[in-house]
Amino acid sequence: MYWRTYRARSSRVCCTGNENMFAFHFAIYLYFSGTWEEGKSSDTQKWSSLEHKGPYFPPEYEPLPDNICFNYDGQPVKLSPVTEEIATFYAKMLDHEYTSKEVFQNNFFCDWREEMTKEERKLIKTLSKCDFSQIHKYFVEKSEERKNMTKEEKQVLKEEASRLMEEYGYCLLDGHREKIGNFKLEPPGLFRGRGEHPKMGKLKKRIQPEDVTINCSQDSKIPAPPAGHRWKRVQHDNTVTWLASWLENIHGRPKYIMLNPSSKLKGEKDWQKYETARRLKMKVDSIRKQYRRDWTSREMKIRQRGVAIYFIDKLALRAGNEKDDESADTVGCCSLRVEHITLHRRLDAQEHVVEFDFLGKDSIRYYNKVPVEKQVFKNLKLFIKHKDPEDDLFDRITTVKLNKTLNESMPGLTAKVFRTFNASTTLQDQLNKLTTGGMTVEEKILSYNRANRAVAILCNHQRAAPKTFERSMQLLQEKIQKKKEQIEEAKKELKEAKKAHKDAPSDKSKKLLEKKEKAVQRLGEQLKKLQLQETDREENKVIALGTSKLNYLDPRISVAWCKKHQVPIEKIYNKTQRDKFAWAIDMTDENFQF
DNA sequence: CATTGGACTTGGCACTATCCAA
DNA sequence: TTGGATAGTGCCAAGTCCAATG
């Protein structure tokens with residue numbers, strides 16, 4: 001079995017008794033595999049055989065029934081199929097707040113008109129005169145119908161989906177069947193984007209086979225394009241991992257069809273990522289010493305670099321590459337502007353506080369007040385001197401230069417490694433601290449979630465409070481209240497049973513007493529469980545745990561913790577996660593430390 | 001050195017499946 | 001059996017980083 005070979009290999013390399021020794025050897029291995037000629041080829045080659053069925057195309061557009069009409073300026077207009085399809089994209093979104101945004105409307109209308117026939121373009125000149133309400137209503141009803149389908153109808157749909165999955169969802173990589181991550185091509189629609197995106201509302205065009213490049217091995221069965229079509233290209237490049245690619249028309253950037261995280265290819269890459277982070281653990285002291293020295297350098301760019309790396313290390317900020325004006329205005333460390341920080345000599349009884357306020361990835365706000373070292377504070381004052389709010393804070397450095405420096409400190413080190421390193425270190429520390437003897441499984445899980453939460457807060461992984469949050473919290477509180485009342489009741493009954501047993505002892509009264517004692521105890525446990533749940537949920541209101549769990553936390557820490565504290569792994573990882581982390585579940589014993 | 005293209009990881013959220021109490 | 005809450009999944013956008021180019 002494929003899995004077995006993977007297993008054997010991982011455990012041989014990984015489960016040496018001495019983790020430090022292992023990290024050392026791994027460092028050597030990585031170092032040489034990057035420089036030696038022989039090593040290099042094995043490093044860049046991703047597979048030796050690859051066969052697949054090509055992407056699955058979304059269904060063609062189905063024109064609206066004749067009784068559903070688009071109206072312009074009060075008059076019904078029959079649109080050409082292409083124009084009509086784009087109209088339906090807009091009509092379906094009418095409930096969303098963003099269709100009321102000017103940027104969205106302008107972009108949509110502009111792109112829509114471009115696809116119209118000459119006659120349509122001549123007629124349809126103002127969006128405000130367009131009436132999509134019939135179309136909107138039609139789709140609302142359709143989705144209602146879908147919701148009301150019978151069990152049998154739903155079953156048919158389900159079987160259809162699993163047939164599709166069976167046919168297109170897997171590939172053959174080096175002779176082994178692997179799950180594909182996204183085998184369905186993205187359907188056409190209107191681009192939304194996150195935050196104040198200047199391109200929101202633009203038309204995302206339908207992908208044609210003629211847009212798609214196929215990547216597979218030369219001697220494999222080449223996937224057939226849909227009837228009457230050709231692929232853009234068929235290539236056989238084994239230095240990349242993707243099966244198909246195309247250019248999306250909004251930014252003109254490539255998109256790919258790639259493997260599922262459960263695949264060996266992705267798993268090994270993931271493992272490698274965490275090993276790099278563990279190597280940083282070994283080197284981080286000297287790196288910290290270095291950047292502290294840099295704070296007093298004669299050269300401004302070195303000072304800036306030193307402070308930037310300090311932020312990346314201490315606050316787990318992202319690198320912050322340059323961005324063009326064609327996307328939302330968001331920043332990371334290197335792209336911070338003067339306006340994003342406020343310096344407080346003294347704030348809330350703390351000295352040298354930096355107040356950060358900026359939009360990061362996905363336009364998620366980063367807000368934090370952090371006391372920093374005096375020298376950092378001094379430097380920041382220097383960096384912002386004579387600058388305007390919209391000027392770069394670190395004007396002498398870029399992510400490329402910063403990463404180049406990091407790479408010189410440790411092969412493979414980049415800014416993002418600090419996030420992985422900090423996240424995993426935090427989880428390990430928190431788990432060690434929060435797990436104590438004599439805890440129930442539920443208490444341990446609360447501890448785990450709290451440790452996970454500490455990481456999510458560090459990485460600023462936020463979410464909108466769930467729409468149902470207040471309500472579900474209230475429900476839980478009612479449940480708790482009810483449980484408390486039950487306990488009161490049970491206690492009363494227990495007291496009576498005690499009295500009855502004392503007054504007239506018998507087998508029966510003794511049994512009753514025991515029963516009542518058990519009931520009180522059981523209810524108490526249930527109450528505790530509910531209260532733990534309440535705490536957990538309250539603390540998690542605006543925190544998203546998923547991203548750190550999936551991308552930043554070395555799964556071996558969790559696996560070892562589960563083994564050590566007899567927590568079933570299923571309580572921590574669901575099925576998908578267990579598949580993704582199969583490598584870790586398999587190779588890790590309870591003594592693993594990050 | 002700056003710029004661009006390309007490949008890969010990381011990210012939140014809407015939708016869907018499942019679970020559980022009434 | 002149902003409907004509402006919760007958990008899980010898919011979607012696809014938005015980052016990082018490397019290498020080629022000029």
Side-chain angles (χ1 to χ4, degrees), chain A residues 34 44 46 58 96 143 146-147 151 154 157-158 161 165 169 181-187 189 191-195 197 199-200 204 213 215 237 239-242 245 247-248 250-261 265-266 269-270 272-273 312 318-324 326-328 330-335 359-364 398-404 406-407 412-420 423 456 459-464 466-469 471-476 479 482 533 537 542-552 573-577 579:
Chain A
T44 50
K46 306 295 177 14
H96 289 279
S143 83
R146 210 148 30 83
K147 244 186 260 169
K151 242 186 193 163
K154 281 182 183 166
L157 244 52
K158 219 171 150 182
M165 180 70 173
N182 55 329
F183 64 90
K184 286 177 174 170
L185 287 178
E186 294 173 18
F191 176 79
R192 172 58 186 92
R194 315 263 161 81
H197 198 118
K199 296 200 171 190
M200 64 170 84
K204 204 170 93 170
T213 301
N215 194 41
D237 181 357
T239 68
V240 295
T241 66
W242 52 269
S245 76
L247 290 179
E248 53 93 13
I250 302 287
H251 308 276
R253 288 166 48 119
K255 288 215 171 186
Y256 305 92
I257 288 184
M258 288 188 187
L259 294 184
N260 186 276
L265 203 64
K266 294 283 190 191
K269 197 77 192 297
D270 212 29
Q272 197 177 305
K273 174 181 77 185
I312 285 167
R318 297 187 185 82
N321 286 305
E322 294 280 333
K323 294 181 69 185
D324 52 31
E326 306 282 84
S327 56
T330 61
V331 298
C333 184
C334 292
S335 48
L359 296 183
K361 183 178 179 184
D362 294 310
S363 294
I364 298 290
T398 64
T399 54
V400 175
K401 285 187 236 168
L402 188 137
N403 278 335
K404 207 167 156 282
L406 291 177
N407 196 259
L413 184 60
T414 62
K416 87 197 253 298
V417 178
F418 278 89
R419 266 167 88 79
T420 313
C459 295
N460 200 40
H461 291 141
Q462 300 189 35
R463 62 168 181 176
K467 285 187 200 78
T468 54
F469 186 82
R471 159 132 196 85
S472 78
M473 226 37 212
Q474 195 185 348
L475 242 52
L476 193 57
K479 243 171 151 177
K482 220 165 121 188
Q533 215 184 349
R537 199 181 295 176
V542 293
I543 311 291
L545 299 185
T547 299
S548 50
K549 203 174 186 178
L550 239 47
N551 299 304
Y552 288 105
Y573 291 139
N574 67 29
K575 180 70 172 64
T576 313
Q577 293 163 341
D579 285 344

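The sequence lines fix the lettering, A, B, ..., with proteins before strands; numbering per chain opens at 1.
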Trainee: Give me the bend of the helix from B:dC1-C:dG22 to B:dA22-C:dT1, using the axes of the five pairs at each end, rounded to 10°.
Mentor: 0°
Trainee: Produce a footprint string for nucleotides 14-22 of chain B: one letter per nucleotide, 5' end first; B if the base is under 4.0 Å from any protein heavy atom, S if only the sugar-phosphate is, - if neither.
Mentor: S-S-S---S
Trainee: Applying side chain to side chain donor-acceptor pair (under 3.5 Å), name anything that partners A:N215, two or more places apart in sequence or on another chain.
Mentor: A:Q235
Trainee: Among all residues two or more places apart in sequence or in another chain, which pass the side chain to side chain donor-acceptor pair (under 3.5 Å) test with A:T399?
Mentor: A:N321
Trainee: What string of B, S and - do you get for nucleotides 11-21 of chain C, 5' to 3', when a contact is any protein heavy atom under 4.0 Å?
Mentor: SBSBBBBS---
Trainee: To the side chain of A:A544, which of B:dG12, B:dG6, B:dC8 is closest?
Mentor: B:dG12
Trainee: Under 4.0 Å: is that the gap between some side-chain N or O of A:S245 and OP1 or OP2 of B:dA7?
Mentor: no
Trainee: Contact between A:L550 and A:Q577 at the side-chain level, heavy atoms closer than 4.5 Å - yes or no?
Mentor: yes
Trainee: Can we say A:K199 and A:E326 salt-bridge, meaning some charged N sits less than 4.0 Å from an Asp/Glu carboxylate O?
Mentor: yes
Trainee: Who are the ring-ring contact (aromatic ring centres under 6.0 Å, His included) partners of A:F418, not counting sequence neighbours?
Mentor: none
Trainee: Using side-chain heavy atoms (C-beta onward) and a distance below 4.5 Å, is A:T213 in contact with A:W242?
Mentor: yes
Trainee: With distance as the sole test, does A:K273 use its side chain to make a donor-acceptor pair with the main-chain N or O of A:N551 at under 3.5 Å?
Mentor: yes
Trainee: When we call it a touch if two heavy atoms are under 4.0 Å apart, what does A:I364 touch: a base, just sugar-phosphate, or nothing?
Mentor: sugar-phosphate
Trainee: Assign A:T576 to base, sugar-phosphate, or nothing according to its heavy-atom contacts below 4.0 angstrom with the strands shown.
Mentor: sugar-phosphate
Trainee: For C:dT9, take OP1 and OP2 only and decide whether either is under 4.0 Å from a side-chain N or O of A:N574.
Mentor: yes
Trainee: Between C:dA7 and A:K575, is there an OP1 or OP2 to side-chain N/O distance shorter than 4.0 Å?
Mentor: no
Trainee: Do A:I250 and A:K204 come within less than 4.5 Å of each other through their side chains, counting heavy atoms only?
Mentor: yes
Trainee: Classify the ring geometry of A:F191 against A:H251: parallel below 30°, tilted from 30° to 60°, perpendicular beyond 60°.
Mentor: perpendicular
Trainee: Run the side-chain contact (heavy atoms from CB on, under 4.5 Å) test on A:I312 and A:L402 for me, step by step, so that the C-alpha distance in whole Å, both residues' side-chain angles and the decisive distance to 0.1 Å come before the verdict.
Mentor: CA-CA 11 Å; A:I312 285 167; A:L402 188 137; 3.9 Å; yes
Trainee: So if I take every side-chain heavy atom of A:K266 and compare against B:dT9, B:dC8, C:dT9, which nucleotide ends up nearest?
Mentor: B:dT9
Trainee: Taking NZ from A:K269 and P from B:dA7, how many angstroms apart are they, rounded to a whole number?
Mentor: 13 Å
Trainee: Classify the nucleic acid contact of A:K199 as base, sugar-phosphate or nothing, counting any heavy atom under 4.0 Å across all strands shown.
Mentor: nothing
Trainee: If only side-chain N and O atoms of A:S472 are considered, is one of them under 4.0 Å from the OP1 or OP2 phosphate oxygen of C:dT6?
Mentor: yes
Trainee: Could you grab the distance from atom NZ of A:K269 to atom CG of A:L259, nearest 0.5 Å is fine?
Mentor: 12.0 Å
